[in-house]
Protein chains: 2
Amino acid sequence: MSQQQAVLAVSTVIFSLRSDPTTGISTVWIPVVRRIREPHEGRWALPGGPLRVDDDLEEAARSHLLETTGLTPKYLEQLYAFGKVGRSPGPRVVSIVYWALVESDEAARATVGENVTWLSTDELPELAFDHNLIVDYALWRLRTKMEYSRIAHAFLGDTFTLAQLREVHEAVRQKPLDPANFRRTIESSKTVVPTGEFVTGTRHRPARLYRYDGSIDLADSGPLQ
Amino acid sequence: MSQQQAVLAVSTVIFSLRSDPTTGISTVWIPVVRRIREPHEGRWALPGGPLRVDDDLEEAARSHLLETTGLTPKYLEQLYAFGKVGRSPGPRVVSIVYWALVESDEAARATVGENVTWLSTDELPELAFDHNLIVDYALWRLRTKMEYSRIAHAFLGDTFTLAQLREVHEAVRQKPLDPANFRRTIESSKTVVPTGEFVTGTRHRPARLYRYDGSIDLADSGPLQ
DNA sequence: ACAAAAGTGTTATTCATACACCCATGC
DNA sequence: GCATGGGTGTATGAATAACACTTTTGT
């Protein structure tokens, strides 16, 4: 039943951090939508849909993100075009996939309806189509990019403590980092400036608040902007 | 005059090294094809064309590469999907672009006809569509990836001297490298094994020949293969 | 006082870089 | 012999990592 042209779709892997209510440890979560028709009816799938002919690709990713979560991403990047013949039953579909980071505080307040839920990437069920592969690849990119760029800030608000920034790295990279060395690494990177304020109310020494130096891009994408 | 669906195309940036006949310095070259119809008739463009509905994306990139140059790439990777509305006059076109590396010796023997030529990336003319941006981005990826992967081997034959391998790095990274340090870096990486043979006939000490350890991928692409 | 996390100091180790020098060949 | 690039040795400084220690708060 092949037709003349392949169908173009845009999907997005949206990452946010959530802390486990019992252990308090942050992990990576994604929103998914329930498929309300065949194929894969009932299964969870990445937010997305067919590309309208007048929409830019990134535009389309942004609007699907807004529609399903009510959120605006603090970081958005193209991931990959998945186009294997047979990856979807029926007509040929080529999906251009984006990945996005949203602020964790906002994500907690995000829309959750009958057909939208957040899942932990630690224990994903079987998703629709090849979406498990897509999420795995997006996670791999998130983890490798976390090591050499400054995307961690996209999970945080305007101001943050170094402990919070470290927590982001630990959640994504899945290993503890030495607080002392982490502090020095960040400080010497010059990407962060102290606000002069402190967080009080904790039962220990108040932590200094920092702000991200907005004149620096979160990641170097070369000639693309 | 927009139609219902965007048109899907696949193009490829094909890299090879050529040494300047006068200076003897290697630089990066790409093959381009002349457009024989509007839009941009007469301009040079990247090899590519519309995606046939039964072709896999990578498959399509491979066959365009074979058709225009008669070559098989030693490395092929998806670069990016370019889809900005208005990047091509007429119907909306989304191009999924691959980049490829071909062995330099073979490339010298590659097909060159009336409508195909090789251009130095050092002095590119104005290409059709947004292909200058695409080449710039591909070059950026090539250069950054050269620093942390082993793709340099894709430019070389089965056996090579460390001087040849170093020449590849120097050509792409556009700066001289210390032969002594380069040697140690490569040797400690364990990606290369001496064949036991030497290159004689030079007017200096014979250079040891090496072979790439085929059990290691040229680049780590994570969960994708 | 004590716990807990913020923040500083110190040292060992690995890695990058620069460069002096010896080796083996063709001429 | 000399020129040329192949190949080895070694010193220096920077980046990374491990961990002891001091500071400042709440209870």
Side-chain angles (χ1 to χ4, degrees), chain A residues 19 23-26 143-144 146-150 152 156-157 159-211 220, chain B residues 19-20 23-26 143-150 152 156-157 159-212:
Chain A
S19 52
T23 66
I25 296 171
S26 285
R143 292 195 168 117
T144 48
M146 183 71 65
E147 306 213 7
Y148 65 85
S149 76
R150 294 147 305 269
L156 298 172
T159 62
F160 49 85
T161 66
L162 289 187
Q164 289 175 316
L165 181 58
R166 176 164 50 85
E167 200 185 330
V168 172
H169 275 88
E170 289 178 336
V172 172
R173 294 162 61 178
Q174 297 183 114
K175 68 172 180 183
L177 300 172
D178 183 309
N181 295 332
F182 182 80
R183 161 178 301 276
R184 271 182 294 254
T185 307
I186 298 298
E187 278 174 345
S188 68
S189 77
K190 304 285 185 192
T191 54
V192 112
V193 283
T195 63
E197 287 173 64
F198 292 82
V199 174
T200 54
T202 58
R203 58 185 170 124
H204 56 76
R205 177 172 172 178
R208 190 180 288 276
L209 275 172
Y210 291 82
R211 182 186 307 281
D220 180 8
Chain B
S19 52
D20 186 296
T23 67
I25 296 171
S26 286
R143 294 196 168 116
T144 48
K145 206 143 192 167
M146 182 72 64
E147 306 212 6
Y148 66 84
S149 77
R150 292 145 310 265
L156 298 171
T159 62
F160 48 85
T161 65
L162 289 188
Q164 290 174 316
L165 181 58
R166 178 165 48 85
E167 200 186 330
V168 172
H169 275 87
E170 289 178 336
V172 171
R173 293 162 62 177
Q174 298 182 115
K175 69 171 180 184
L177 299 172
D178 183 311
N181 295 331
F182 183 79
R183 162 177 299 275
R184 272 183 294 254
T185 307
I186 298 298
E187 277 173 346
S188 67
S189 77
K190 305 283 186 196
T191 54
V192 110
V193 285
T195 63
E197 288 174 63
F198 292 82
V199 175
T200 54
T202 57
R203 58 186 168 124
H204 56 76
R205 178 172 172 177
R208 192 180 287 276
L209 275 172
Y210 291 83
R211 183 185 307 282
Y212 185 67

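Predicted model only: the values in this text are computed from it and were never measured. The chains referred to below are lettered A, B, ... by the order of the sequence lines, with proteins before strands, and numbering in each begins at 1.
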Could you tell me how far apart [X] ([atom1]) and [N] ([atom2]) are, to the nearest whole angstrom?
X	N	atom1	atom2	answer
A:Leu162	D:dT23	CG	P	20 Å
B:His169	C:dA16	NE2	P	13 Å
A:Ile186	D:dA15	CD1	P	15 Å
B:Arg203	C:dT25	CZ	P	16 Å
B:Asp178	D:dG5	CG	P	15 Å
B:Phe182	D:dG6	CZ	C1'	14 Å
B:Asn181	D:dG13	CG	P	16 Å
B:Phe198	C:dG26	CZ	P	14 Å

Between A:Arg166 and B:Lys175, just flag the one whose closest nucleotide in DNA chain C comes earlier from the 5' side.
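Checking each residue's closest nucleotide, the 5'-ward one belongs to A:Arg166.
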Taking for A:Glu187 and for A:His204 the nucleotide of DNA chain C with the nearest heavy atom, the one nearer the 5' end belongs to A:His204
Regarding A:Thr202, tell me which of base, sugar-phosphate or nothing describes its non-hydrogen contacts under 4.0 Å with the strands shown.
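Here A:Thr202 touches the backbone only, sparing every base.
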Applying a 4.0 Å non-hydrogen cut-off, can you work out what B:Ala180 is touching in the nucleic acid: base, sugar-phosphate, or nothing?
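The answer is base, as B:Ala180 lies within the cut-off (heavy atoms under 4.0 Å) of a base atom.
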Angle between ring planes, B:Tyr210 versus B:Phe160, binned at 30° and 60°: parallel, tilted or perpendicular?
parallel
Using every non-hydrogen atom in the two residues, find where A:Val172 and A:Arg143 come nearest and quote the distance to one decimal.
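Answer, listing the atom of A:Val172 first, then A:Arg143: O-NE, 2.9 Å.
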Flag yes if more than 12 heavy atoms outside B:Glu197 fall under 6.0 Å of its CD atom; otherwise flag no.
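Incorrect, the count does not exceed 12.
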Is the base of D:dG9 touched by the side chain of B:Arg184 through a donor-acceptor pair closer than 3.5 angstrom?
yes
Given [options], the nucleotide with the shortest approach to the side chain of [X]:
X	options	value
A:Ala207	D:dT4, D:dG6, C:dA6	C:dA6
A:Pro206	D:dG6, D:dT25, C:dG26	D:dT25
A:Arg205	C:dG26, C:dA5, D:dG7	C:dA5

Hey, is the side chain of B:Arg183 poking within less than 4.0 Å of OP1 or OP2 on D:dG7, counting only N and O atoms?
yes
Go through the steps to decide whether A:Arg166 and A:Arg183 satisfy the test side-chain contact (heavy atoms from CB on, under 4.5 Å), and finish with yes or no.
CA-CA 9 Å; A:Arg166 176 164 50 85; A:Arg183 161 178 301 276; over 6 Å; no
Looking at A:Thr195 and A:Leu209, would you say the former's side chain and the latter's main chain have a donor-acceptor pair under 3.5 Å?
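The answer is yes, because a donor-acceptor pair under 3.5 Å joins these two groups.
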Relative to the 5' end of DNA chain D, which residue comes earlier, B:Gln164 or A:Gly201, by the nucleotide with the nearest heavy atom?
B:Gln164
